[in-house]
2 protein chains.
Amino acid sequence: MINYTNILRQHNLKATPQRLAITDILHVQGHITIESLYEVMVKKFSSISLATIYKNINLMLENSFIQEVKIPHAKSVYEITKESHSHLACEKCGEIQDIIIDLDNILNEVAKTNTFKVNSSDLVLSGICKNCQ
Amino acid sequence: MINYTNILRQHNLKATPQRLAITDILHVQGHITIESLYEVMVKKFSSISLATIYKNINLMLENSFIQEVKIPHAKSVYEITKESHSHLACEKCGEIQDIIIDLDNILNEVAKTNTFKVNSSDLVLSGICKNCQ
DNA sequence: ACTTAAAGGATAATTATTATCTTTTAATAA
DNA sequence: TTATTAAAAGATAATAATTATCCTTTAAGT
């Protein structure tokens, strides 16, 4: 179990117990919605405020410690920032998985047209995961 | 200017003036947020209710007459359903453009892994559009 | 024209998110 | 260690976004 104290501090975030818990949950779960995060957090901090969840998620987003992933027909999930990657979204169980897909060819094609300067790409593939097939 | 009366009816939607206007706006603008749609509609129907906008957008989504496009760091936009395509999102002016990108190679790669059955893909490229460069 | 199920408008209710204010605490230095 | 302080947590009010309700109007088919 990684200790995120210093990593949080490197992002100008005080390492509070609540933040360490959020970070640990994100690390273990990979992707989580606000409401699920709150449910899990309440088990550890019975008196935690939903506002604390929102404030921390927003601060972590601002500091690029985490990223929001928008999922078609579902709520957004949050994940710890890592190298650029795409997502698989299971339409049955809701599970979100990371997947590394090389988009260079595509981005080069777009670059050739010279009509749009791409800075980032977000790709979500929706379907049925291994477990649900 | 296309007449959408029959197209609406084919989707089990009564062709009301409000719906024809929404459809016409979507047709002309290409992509629009809920709030922008409401602003434009109020000019044509001064007494229109915001609930009418939401109810129609939701019905049109259910009947697959339109689609929601989730944009990173911005509000969702809606578009008339057409053949599968990707989107360019300008980070400066907010403009959303359609772009046809062949994702077959990518989808085949994922299919090969045999761990996920892809039904649909959503790709948004964020960056700077021609006008804003 | 008549009938009726569906749609529109007004607005209340709900849900999601943010702001405010007070108390507590992590981080730093004496 | 303890003292100091800016920041964070918690409680809750406020705001924003969306949906539900109820009554009136109307599109579409006799």
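Naming convention: chains lettered A, B, ... in sequence-line order (proteins, then strands); numbering from 1 in each chain. The shown structure was predicted, so the numbers you read here are calculated from the model rather than taken from an experiment.
Counting heavy atoms from C-beta outward, B/Val118 and A/Leu125 have side chains that approach closer than 4.5 Å. Side-chain atoms of A/Gln97 and A/Cys129, non-hydrogen and from C-beta on, do get closer than 4.5 Å to each other.
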Are any protein N/O atoms closer than 3.5 Å to N/O atoms in nucleotides 28-30 of chain C? If there are, list each pair with its distance.
none

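The side chain of B/Ser47 lies closest to C/dG9 when the candidates are C/dG8, C/dA27, C/dG9.
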### Summary
Under a 4.0 Å heavy-atom criterion, the protein footprint on nucleotides 16-22 of chain C, written with B, S and -, is SBBBB--
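Applying the side chain to side chain contact (heavy atoms under 4.5 Å, CB included) rule to B/Asp98 yields the partners B/His31, B/Glu79, B/Lys82, B/His85, B/His87; only residues at least two apart in sequence or on another chain are considered. The side chain to side chain contact (heavy atoms under 4.5 Å, CB included) test applied to A/Thr81 returns A/Gln67, not counting sequence neighbours.
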### Message
Working note: B/Asn119 + A/Glu91, criterion side chain to side chain donor-acceptor pair (under 3.5 Å); need CA distance, chi angles, decisive distance, verdict.
### Response
CA-CA 9 Å; B/Asn119 289 328; A/Glu91 294 165 336; 2.8 Å; yes
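Looking only at distances, no side-chain donor or acceptor of B/Ser36 sits under 3.5 Å from a matching main-chain atom of B/Thr33. Proximity of a side-chain donor or acceptor of A/Gln133 to a complementary backbone N or O of A/Ile128 within less than 3.5 Å is detected. A distance-only check finds a donor-acceptor pair linking the side chain of A/Lys70 to the backbone of B/Ile71 [under 3.5 Å].
Rounded to an integer number of Å, the gap from CG of A/Leu13 to C1' of C/dA26 is 13 Å. As a whole-Å value, the separation of B/Arg19 CZ from C/dG9 P is 11 Å. When rounded to the nearest whole Å, the span between NZ of A/Lys14 and P of C/dT24 equals 15 Å.
When all heavy atoms of B/Leu88 and A/Phe116 are compared, the pair lying nearest together is CB-CE1, 3.7 Å.
Place A/Asn12 and B/Pro17 on DNA chain D by their nearest nucleotides, and A/Asn12 ends up nearer the 5' end.
Here side-chain hydrogen bond (donor to acceptor under 3.5 Å, both in side chains) pairs that include residues 45-65 of chain A, with residues two or more places apart or in two chains, are A/Arg19-A/Asn56.
The span of DNA chain D lying next to chain A, judged by atoms under 4.0 Å from heavy atoms, is bounded 5' to 3' by D/dA6 to D/dT12.
A/Leu20 CG to A/Tyr4 OH: the interatomic distance, rounded to the nearest 0.5 Å, is 10.5 Å.
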